[in-house]
Structures are given as structure tokens and as C-alpha cells.
Student: 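Questions regarding the structure given below will be posed in turn.
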Amino acid sequence: MSASVPTRSHALDLGLARRTAPPAAAPPRTKDHHSPDHPPPAPPRRSPFAGADLSASIAVFLIALPLSLGIALATGAPLQSGLVAAAVGGLVVGRLGGSPLQVSGPAAGLTVVTADLIHRYGWRTTCAITVLAGLAQLGLGCLRVARGALAVSPAVVHGMLAGIGITIAVAQLHIVLGGSPQSSVLANLRALPAQLAGLRPAAVSVSALTLTLLLLWPRIPGPAGRLLRRIPAALVAVAGATTVAALTGLDLPRVDLPSWHSHALAGLPEGPALGLVAAVLTTTLVCSVQSLLGAVAVDKLVARTPGLSTRVGRSRLDRELLGQGAANMVSGALGGLPVAGVAVRSSANVQAGAVSRNSTMLHGVLVVIAALLMVPILELIPLASLAALVMAVGIQMVSLHHIRTVTRHREVLVYAVTTLGVVVLGVLEGVTLGIGVAVAVALHRLTRTRITHDEREGVHHVHVRGQLTFLAVPRLNQALHLVPQGAHAVVELDGSFMDHAAYESLHDWQKTHTAQGGSAELTSRSARVRIAEPSPATGRRTGTATIGAEESADCRCRPWTAWRNHQCEGPQSVVASGGRPAGASGPHGAGAAGHGPGRPTRDHPAGAPGGANGGAPVGVDGGTPGGAPAASSPPPSEPSEHQLVRGISAFQRNTAPLVRGELARLAREGQRPTQLFLTCADSRLVTSMITSSGPGDLFVVRNVGNLVPLPGEESGDDSVGAAIEYAVDVLKVRSITVCGHSGCGAMQALLDAGPGDARTPLERWLRHGRPSLRRVADETDSDRPGARMTGREPEDVVERLCLTNVVQQLEHLRAHETVTRALGEGALELHGMYFHVGEAQAYLLTETDGGQVFGHVGAADLTA
């Protein structure tokens, strides 16, 4: 029976990175993890023009054709130049670029730059500037500085795009109203009242129809809507407006494509040398940054597309820069617009199912065919319709999502200055202003260090919040000199950086203070570090500073023990049976039972079944069913109330200051997790640690045995079903993961349980695991391959049941109506996961022809 579990290549957005290479025991078909430029020789190879690439190229072509004409119209360039740039972007970048699925062509982000160049220098010189910008990109690609472009603050990039979008929208509004745009945004705004007074109804009606179709087409409901939405909305909007204009005989300016024999090519650049250099640098900067950021965005789209990341390699940014440079040289020489990666076309390419660079190249071929054979049809398009299309694109460049992001990261000032600078002064000036403000903000944050001094119960506390650099040394010394001679002082550092000047100042003060009979301690976010230890002879604290030490002489803690609520115990705190320090790591890793401070370790991580009532209860956290310690274990070293208070105190002191801002945001905005994580209540499973997640990332359901009761079951439990319904229908999670683990006491209890009636709550609950038990028995009797781990069979029947239980609970999940509906709509994915406690190793479930395999996830599988 197939588990129908998504393959490993499905996105598991839990902090675990996507696997880029299959396990050793995986079928040969999954071993194709080579880059698309160096394919492996293993047969069979798909046809160079696969059906998926062909259909994707058609979808991209249908989007690119009207947008290329519209962008050329917005820049004031010959309309053929947009088609030239689209064809060159598809063919040249598609063949030479480093991002196989990114589609390049005339980009809306270059509209303002190109329009300004045409206005200043004319079309032929603009083409020459495009050639020189391409040459500069080739030089940058050879110098391998592509990664450096990504160092530009995202707030600057988003602000630049927003400013360009506003400029485009304001300019195209004049064409929508039946007039002509001015040379700048301010001039367009001043001329807008007169334009509104003299608007042309025919142009307005065609533009309104275009915008209406563009807005409503993606929102057609029902099965028919899903079918119709495959046709790009941009094509439908322009085609619909063109048809209505032709049938009604409206007198409107239309696309004019003169003969290719009269097409203007690049000429020698004419103009002041300094202005031409600035123009080349501006074009190079905008083209390069937009293309490189687009390549990174395409990588993210590929990573979220099931099955695609194993076939398409990550983008090579330096090669992408070389491809973009070559394309700009060719496009400029042939009289085309500047070329850059385009987000709309690239996302459409991925969503349409493209699997290689062939789709991008085929789209370029289709543009060439259209430019040569479809001229009579293209000349029917009203300019007002193209202007409305480009205006909508400009408005979309002002993204509310980007504004929320920069607000959350406190970079609104950078975003606003860049946007206004681009709108009022120009792209290069606006970006320069934005970078300057971004640097100023970073320096302000670096120097914004709060240093306070107070005395509590005879101890002087010096609290440093922020980065401790030489700029803060005067204030640090001022606070340190407030500590009297001979007093006990605690210096608390909340920052993550301390430079040499600050270290020397703190070190010198410590030596002076201890020499005068005082003592000092340094605390950080992770652990308290003692600066000076008392002398055994005099009892006075002397010695040298040990700033940054990870542990003191009498402390057996390690840096990772903070989340365990671990306490430093002296050598006398040992387990009677084994002589191991309390809380120390047992044979199964981080404390065999995973308990908190002072709790003794156990020789077996799983709870020993047994107990009264003749059932098969389980010790969830390694103890007996009643929650008491195992018989061989000594009592805890301190009361549980003290452990709780100590842990809360550590959180309030070390962790709360770091997460308070994020939790405040979550409190305002509400939770928006993208995954439901259903796992066992075992105390050794720390979901946030395993998945590297934080507050707001996971919606977690925990129960004994990670069970999912079937809906309508007798003596069922609605709590799990309610959580599933809430997560899918209300929170709109994109994935559900069922996670089992090794040494599960619930699975051991299932094996030991008799056939009698279930009388206790625990026994009744474990009924929901009996289908897993029957599945194991059926697979054993029929000699069918069951669930296993990569490269080996389960080590015993308990582990096999743990693995099989994950597969069975995934099938139970599909029986829930809300899950079935979401799966049918493609809005949800199911994942299986197994965590081996002793190995501290996660395994992801993959469906193969030979059964269900839990594949190893290692450090090499993590991607940046």
C-alpha cells in the first residue's frame, strides 16, 4: 500500500535545508544533482526540447510580447527595440547566463533610466551606452564581484524599484488619459490637472477595459477559472482591449512598427564624457543589481517547487553577470533596449513547469518569429492599452510586502529616502542617497550603546546594551569608575561584538579593581564568566581576566546546555548506579532522558512499560506511567519548583531581551505559521532545536506517540482533529509534518499490550496506534518491504514500528476532510520525518518503488 508521501525534493520549510543530493540507497533516477551546464552521462536524457520547456516558453512569450512593447513605449524608444531586447535576452542570456530559469529582457526597472538617456542623448547614443554597460558587466563578471552586489541593502533596492514604479505610473497615466507624458515626475504632476480637463474618452475607455481585465482575469473562480487562468492576464487584457477597439472603430493612436530596414542601430556616443560615464555606471548598476537579485529570487522559487531543485542547479551569479553583459552588448548593437532579469517572466517560467534553460531560449525564438511575422496584428494594439498595462506594472513595483519588511527591520528611512530620491532626482542620485542613509543608519546602530550603572544588594551592576566599540569606551570608563574600591561588580554585556579598544579598557579596569581588593564578573547572553578567581592563600580575588571563557574550572556545562535548563553541579552530584554527574550526557546524547537540572540520567531512553492494571502503559519522558522516577534513580537534587523558577529567571535575564521585539510584533500581527508540526510528547524532542525555528514559525501538536486519530473513530479524540482543522482552514499552513522518534515508549507499549479491553486513558489513546501495528504485521506476513532508513533495515521491531507509524499517521491525516480538500487544491503538502535521539539525526520520508525510505539529512545538505 503506497504511502503517497511527497518526495524528498518537496520543500520542508522548517529550518531544515532541502536535500540537494539523494542518499546512497536511493534509486538511480534521483542521482541527477549535477549542474545543468555539466549534465551527467547517465541515460536516459530528456529531449533538448521537452514538452514542459515548450509549454513554459509559450506562456512566457505571451507575457513578454505585450510587456516588451509597453516598456519600449514608456521609454520613448522605437517599439521594435523592446522586441529586440526580449529576443536577445531569451537567446543570449538563456544560453550563457548562470540562472537557467531566469528570463531576461526589457525590464520595467530600467524604464526611467532609459527614458532619461533617450531624452538627453538620443536613441543611437543610448544604444551605445547600453553596449558600454554590457562591456562593464563583462568586466565585473570576470572580476567575480557578483556577490558584492548583493551587499546593497534590500531597503535601497526596494526603494529604487518603488521610485521607478511611481515614475512609470505617473508618466503612463498621461497616455491612459489620451495625452503625452512630460520629462519628469514633477512636470507630469504639474501637467496632470490640464490633462484631466482634456482627457480623451476613447483612450480612457480602452485603458479602463485593459485594467479591468488585468485585475479580474486571475480571480475567475471555479474549475473553468483554473483552466482560463493559464492564459496570461497581460495577454488577455491587451488582446481584449485591442479587439473591442477594432470592432467599435475607435480612433486611437496604435502601435507603429516601421520596416526593419529603417531600424536604428547603435552609433558612436555623443555628449559630455562625464555624463556618458555616469550614464554607463547607472545602467550597469541597475541592470546588474536587478538581474542578480532576480537570480536569487528564482533560486527561492525553484527551492519551493516540488521536484525541481534536484534537476536545476543554483544560480552562478558571476556567470549570470557575464551573460547579462553579453546580452546588453548584443542588444545595444542591434538597436535594442537594455536587458536585465525580469521577475514577472521568471516566476511565470518556473510556475509554468520549465525544467531547463531551453524554455528561456525558445521564448526568444518565439519573439523573433512574432517580430517578423506578426507585425500586422501587433499594429492593431492601441497605445493606451499598452500604457495601462505598464502603469499597472509600475504600481505593483510599490510593494506593500516590501514596506512591511523594511518597517519590521527599522529601515523605513532608507526606503523612503531612496524612493523620493529616485522620483525627484533620478535613479543614480536616489540610489546614492539611499546607500548613504543606509551607512549612516548602520553607524548609528553601531554607536547606539547604552551603558548604565546601578547597585543592588551591595553588588554594582554595569549593564552594556549594544555593540561595545571604541566609540563607547569613554562612557564605559565613566560607568566603571562609579564602582567603589573593594566592591563586587558585575559587568553585563548584551551585544554580540566587542573591539580591541573596549576589551583593553575593560581588562585594565579589571586588573586595577582586583588589585585594590575588589572582584568582578562578566555575564553575557549565554553564560556567566568569572573574571577573577579568589586566591587560595589570601581569599582575595586576584588574577588575570578570562573574558570570553566558555566554562570555569568547576563547571561541567557546555554552551548548548542553556536550553536544557541545566545547572552546574559539583562532583558530589552523581547517579548512584553509574557514577555519572547529574545531568551529564548519557549513552544516547544530550542526557539520555533529556531532563533538566539535577535530574539523573537513565540507562534506557525509552520508558519501561509496565505498571498496574495489567495494561501496557508507557513512560513518556523516560519514567514510569505515573510520572515517578525510575526505581533505580535517586531523587532530584533540588525541588522542581526551584528548577522552574531558575529556568524562568534565566529566560528573563538572557533570552527575553533578545526576543521581546519579535514577540511584540507577533502579538500585534497574530501568528502566521506556515507549517503544522505533529510530534510525540517525549521530552527529548525539542522541535524548535531540531527545525532551527523560532517564535511564530511552527504550529505544534504533541501527543503520546504522535498519533492522528481517524475522524469518527469510537472513543476518538477531537483535539488533534481540531488542531488540524484550525491549522489548515484558519492559519492556512502550507505543510503538515508527522515526526516520530527512536525509543518511543508509546510504540513499545503497543507491542506489549494485550488484546484485552483498554481501561485506562493511556490504553484507550494507544488504540489509535493499532493500525500501525497491523501494518507491520501485514508487511511481515506478506514479505513486502516496509518502512526503513537509508542504507539499513530497522534495528529492531520497535524502530520498525516507529517508522511505520509515521507512514500510517500520514494516511490518517488524508482521511480528514479539511486535509483532503487542501491537498486537492494543491495548497498543502504532507511530510514524514523520523528523529533518532541517540544520533541527534533527522530523516525525511521518501516514497520509492521499493517502499518507504527515511533518508539521512546531514550538514552537507544545508544550503545558504
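None of the values given here were measured: they were computed from a predicted structure. This chain uses plain numbering: 1 for the first residue, then up along the sequence.
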Student: Closer than 3.5 angstrom, by distance alone: can the side chain of Ser359 be matched with the main-chain N or O of Ser356 as a donor-acceptor pair?
Tutor: yes

Student: Taking Val280's backbone N and O only, do any of them form a donor-acceptor pair with Thr283's side chain (distance below 3.5 Å, no angle check)?
Tutor: no

Student: Would you tell me whether Glu320 and Ser291 have side-chain atoms, one donor and one acceptor, within less than 3.5 Å of each other?
Tutor: no

Student: Identify, with sequence neighbours excluded, every residue that meets ring pair (Phe, Tyr, Trp, His ring centres under 6.0 Å) alongside His174.
Tutor: none

Student: Over all heavy atoms of both residues, which pair between Ile129 and Ala279 is shortest? Give the atoms and the distance, please.
Tutor: CD1-CB, 3.8 Å

Student: Considering only heavy atoms from C-beta outward, does the side chain of Leu96 approach that of Leu322 to under 4.5 Å?
Tutor: no

Student: With rounding to the nearest 0.5 angstrom, report the CG to CD distance, Leu383 to Gln172.
Tutor: 10.0 Å

Student: Quick one: side chains of residues 435-443, donor-acceptor pairs under 3.5 Å with protein atoms, not counting sequence neighbours, listed by atom name and distance.
Tutor:
none

Student: Just so I know, are the side chains of Cys287 and Asn328 near enough to count as touching, which here means a heavy-atom distance under 4.5 Å?
Tutor: yes

Student: List the steps, then state whether side chain to side chain contact (heavy atoms under 4.5 Å, CB included) holds for Ser399 with His158.
Tutor: CA-CA 8 Å; Ser399 171; His158 298 328; over 6 Å; no

Student: Could you check if a side-chain atom of Leu337 sits within less than 4.5 angstrom of a side-chain atom of Leu110, using non-hydrogen atoms only?
Tutor: no

Student: I'd like to know if the side chain of Thr419 reaches the main chain of Gly159, judged simply by a donor and an acceptor atom lying under 3.5 Å from each other, with no hydrogens or angles considered.
Tutor: yes

Student: Pair Leu321, Ser288 - check side chain to side chain contact (heavy atoms under 4.5 Å, CB included), show working.
Tutor: CA-CA 7 Å; Leu321 199 54; Ser288 301; 3.5 Å; yes

Student: Does the side chain of Ile63 come within less than 4.5 Å of Leu235's, by heavy atoms?
Tutor: no

Student: May I ask you to check whether over 12 heavy atoms, not counting those of Glu379, lie within 6.0 Å of atom CD?
Tutor: yes

Student: Should we say atom CZ of Arg144 is surrounded by more than 12 heavy atoms from elsewhere, each under 6.0 Å from it?
Tutor: no

Student: Ignoring hydrogens and angles, tell me if any N or O in the side chain of Asp53 forms a donor-acceptor pair with the backbone of Arg357 under 3.5 Å.
Tutor: no

Student: Which value, rounded to the nearest 0.5 Å, describes the distance between Leu425 atom CG and Leu186 atom CG?
Tutor: 9.0 Å

Student: Which pair of non-hydrogen atoms, one from Leu83 and one from Leu65, has the smallest distance, and what is that distance?
Tutor: CD2-CD1, 3.7 Å

Student: Within this structure, what is the CG-OG distance for the pair Leu209 and Ser385, rounded to the nearest 0.5 Å?
Tutor: 7.5 Å

Student: I need the Leu292 CG to Leu317 CG distance, nearest 0.5 Å.
Tutor: 5.5 Å

Student: Taking the side chain as everything from C-beta on, heavy atoms only, tell me whether Leu177 gets closer than 4.5 Å to Val204.
Tutor: yes

Student: Please report the closest heavy-atom contact between Asn349 and Thr360, naming both atoms and the distance.
Tutor: ND2-OG1, 3.7 Å

Student: So, do Cys127 and Trp123 sit near enough that their side-chain heavy atoms are less than 4.5 Å apart?
Tutor: yes

Student: Are any non-hydrogen side-chain atoms of Val244 and Val206 less than 4.5 angstrom apart?
Tutor: no

Student: To the nearest 0.5 Å, what is the distance between OG1 on Thr210 and CG on Leu215?
Tutor: 12.5 Å

Student: If only atom types and distance count, is the side chain of His402 paired as donor or acceptor with the main-chain N or O of Val398 below 3.5 Å?
Tutor: no

Student: Within the distance-only criterion (no hydrogens, no angle test), does the side chain of Asp318 pair as donor or acceptor with the backbone N or O of Ala146 below 3.5 angstrom?
Tutor: yes

Student: Taking Thr242 for the side chain and Val238 for the main chain, is one N or O donor matched with an acceptor at less than 3.5 Å?
Tutor: yes

Student: For residues Ala241 and Pro382, report the shortest heavy-atom separation together with the two atoms involved.
Tutor: O-CG, 4.5 Å

Student: Checking the side chain of Thr418 only, and the main-chain atoms of Met160 only, is there a donor and an acceptor separated by less than 3.5 Å?
Tutor: no

Student: Would Leu140 and Thr284 count as a side chain to side chain contact (heavy atoms under 4.5 Å, CB included) here? Give the steps.
Tutor: CA-CA 10 Å; Leu140 294 175; Thr284 303; 4.0 Å; yes

Student: Check whether any side-chain heavy atom of Leu214 sits under 4.5 Å from a side-chain heavy atom of Leu389, and report yes or no.
Tutor: yes

Student: Return the minimal non-hydrogen interatomic distance between Gly97 and Arg319, and the atom names on each side.
Tutor: O-NE, 3.3 Å

Student: Please test Met391 against Leu211 for side chain to side chain contact (heavy atoms under 4.5 Å, CB included), starting from the C-alpha separation and ending with a verdict.
Tutor: CA-CA 9 Å; Met391 185 178 72; Leu211 293 174; 3.8 Å; yes

Student: Which value, rounded to the nearest 0.5 Å, describes the distance between Arg314 atom CZ and Ser99 atom OG?
Tutor: 10.5 Å

Student: If you look at every heavy atom in Ile403 and Val406, which pair is closest and at what distance?
Tutor: O-CG2, 3.2 Å

